[in-house]
Amino acid sequence: MENKMNDNELSGEYRVVRKLAELKPKIVFDVGANIGIWTQELKKYAPDSIVYLFEPIPDTFDRLIQNLSVLNEVHPSQIALSNKLGEFEMNYYPNQSYFSSIYPTSLGKDGIKVKVQTISGDEFCFQNSIEHINILKIDVEGAEEKVLEGFQGFLENQKISMVQFEYGQHSLDSKFLLKDFYTLFENYGYKVGKIYPNWIDWSAYDLSMENFILSNFIAVSPKAENYSETLK
């Protein structure tokens, strides 16, 4: 059974947001924030959450700032979370900014090369005195592995209650497969599930799941079993 809908409401992604808001998450990271639509939805139901947003593309970041202007406790950064401090080149698609990625894609048109600054999640947290993340949402079009590498310390110590990540066609470019996501998280003790409209499928990884169809997954820390219970 597949959940192929590329619609946050119909796919179940916003249901997850509403359910998690019941837990009153204190610290939230929106990595690959684009223009802030996901954070806007979260803040409807969790207005007191402190949200750190990361969007490295200058034009997209400007739109993000505009969209966040009426929200409290939001902290946008024009930087990419990765596995180290430095910079890399991104492919920016002005008319389809949500496809922007470190990998070129046939889904986007009229791409532009843009150099962006990077920092690891662990280092960002250290610099900003953040000791725990309740929700880490990642939507970075294939660079998920690099983002997760940058949170190695936080993941090893299970200082992230829940991670939401996207899987799809970009895994063909990154060569970081769904199996690799499951292996990475399970090595840290996290439980992985796939988001459906009205439930989470906590089934173990199976090769038949490796279909590169756009979908969202969550990984929950063993220290945050209340998250799994809330999402049932």
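Starting from 1, each residue takes its place in the sequence as its number.
Note: F29 and F124 have perpendicular aromatic rings, judged against thresholds of 30 and 60 degrees for the angle between ring planes.
The residue from H132, K223, K26 that alone fulfils the side chain to side chain donor-acceptor pair (under 3.5 Å) condition with S161 is H132. Shown are I160, D180, L155; of these, the side chain to side chain contact (heavy atoms under 4.5 Å, CB included) with L148 is made only by L155. The side chain to side chain contact (heavy atoms under 4.5 Å, CB included) test with K191 is passed by exactly one of F185, W202, Y227: W202.
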Please test S203 against D201 for side-chain hydrogen bond (donor to acceptor under 3.5 Å, both in side chains), starting from the C-alpha separation and ending with a verdict.
-> CA-CA 6 Å; S203 300; D201 182 359; 2.6 Å; yes
side-chain hydrogen bond (donor to acceptor under 3.5 Å, both in side chains) between Y205 and E210, intermediate numbers included | CA-CA 9 Å; Y205 173 82; E210 204 73 68; 2.6 Å; yes
Take E13 and Q164 through the side chain to side chain contact (heavy atoms under 4.5 Å, CB included) test and state the conclusion after the steps.
-> CA-CA 9 Å; E13 188 175 357; Q164 178 180 320; 2.7 Å; yes
Stepwise side chain to side chain contact (heavy atoms under 4.5 Å, CB included) check, Q40 with L71 | CA-CA 8 Å; Q40 287 178 319; L71 300 178; 4.2 Å; yes
How far apart are the C-alpha atoms of V192 and F165, what are their side-chain angles, what is the distance that settles it, and do they pass the side chain to side chain contact (heavy atoms under 4.5 Å, CB included) test?
-> CA-CA 10 Å; V192 182; F165 64 93; 4.2 Å; yes
Could you walk me through whether F212 and L177 pass side chain to side chain contact (heavy atoms under 4.5 Å, CB included), step by step?
-> CA-CA 9 Å; F212 306 103; L177 305 180; 3.8 Å; yes
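In this structure, the side chains of K24 and D48 stay at 4.5 Å or more apart for every pair of heavy atoms. By the 4.5 Å heavy-atom criterion applied to side chains, L23 and L20 are counted as neighbours. For the pair L136/F154, no side-chain contact is recorded, criterion being any heavy-atom separation below 4.5 Å from C-beta on. Using a 4.5 Å cut-off on side-chain heavy atoms (C-beta onward), K19 and Y45 make no contact. Side-chain contact check for H75 versus E73: some heavy-atom pair is nearer than 4.5 Å. Annotation: side chain of L64 is not in contact with side chain of N34 (no heavy-atom distance under 4.5 Å). Under the 4.5 Å side-chain criterion, counting only non-hydrogen atoms from C-beta, I195 is in contact with I200. Taking the side chain as every heavy atom from C-beta outward, L178 and S171 never approach each other to under 4.5 Å.
Considering every non-hydrogen atom in both K159 and Y190, the closest pair reads N-OH, 4.2 Å. P25 approaches V28 most closely through the heavy-atom pair CB-CG2, 4.1 Å. Between L53 and V51, the closest heavy-atom pair is CD1-O, 3.7 Å. Heavy-atom minimum distance, I50 versus Y52: CG2-CE1, 3.7 Å. Taking every heavy atom of both residues into account, S228 and V220 meet most closely at OG-CG1, 3.5 Å. Across V114 and P58, no two heavy atoms sit closer than the pair CG1-CD, 4.1 Å.
When atom types are taken as modelled, the side chain of E55 and the backbone of I57 share a donor-acceptor pair closer than 3.5 angstrom. Panel note: side chain N67, backbone G36; no donor-acceptor pair is recorded below 3.5 Å. Of the possible polar contacts, one joining the Q158 side chain to the Y188 backbone as a donor-acceptor pair under 3.5 Å is found.
The salt bridge (Lys or Arg N to Asp or Glu O under 4.0 Å) search around K179 returns none, not counting sequence neighbours. The salt bridge (Lys or Arg N to Asp or Glu O under 4.0 Å) test applied to K44 returns E41, not counting sequence neighbours. With sequence neighbours excluded, the residues satisfying side chain to side chain donor-acceptor pair (under 3.5 Å) with E229 are K232. In this structure E149 satisfies the salt bridge (Lys or Arg N to Asp or Glu O under 4.0 Å) test with no other residue, sequence neighbours excluded. Shown here are the side chain to side chain donor-acceptor pair (under 3.5 Å) partners of N128, two or more places apart in sequence or in another chain: there are none.
Linking ILVMFWY side-chain heavy atoms closer than 4.5 Å, directly or via other members, places I79 and F126 in two distinct hydrophobic clusters.
Annotation: the span from F88 atom CZ to Q117 atom CD amounts to 10.0 Å, rounded to 0.5 Å. Note: N187 CG to Y182 OH = 14.5 Å, rounded to the nearest 0.5 Å. The structure places CD1 of I35 at 10.0 Å from CG of L68, a figure rounded to the nearest 0.5 Å. Between atom CZ of residue R15 and atom CG of residue N198 there is a gap of 6.0 Å, rounded to the nearest 0.5 Å. Distance CD1/I119 to CG/L81: 7.5 Å, rounded to 0.5 Å.
Checked against the 6.0 Å centroid criterion, the rings of F181 and F217 do not qualify as a close aromatic pair.
Residues D206 and S208 have side chains that bring a donor and an acceptor to within less than 3.5 angstrom of each other.
Listed by first then second residue, pairs satisfying salt bridge (charged side-chain N to carboxylate O under 4.0 Å, His left out) with a partner in residues 123-137 read D30-K137, not counting sequence neighbours.
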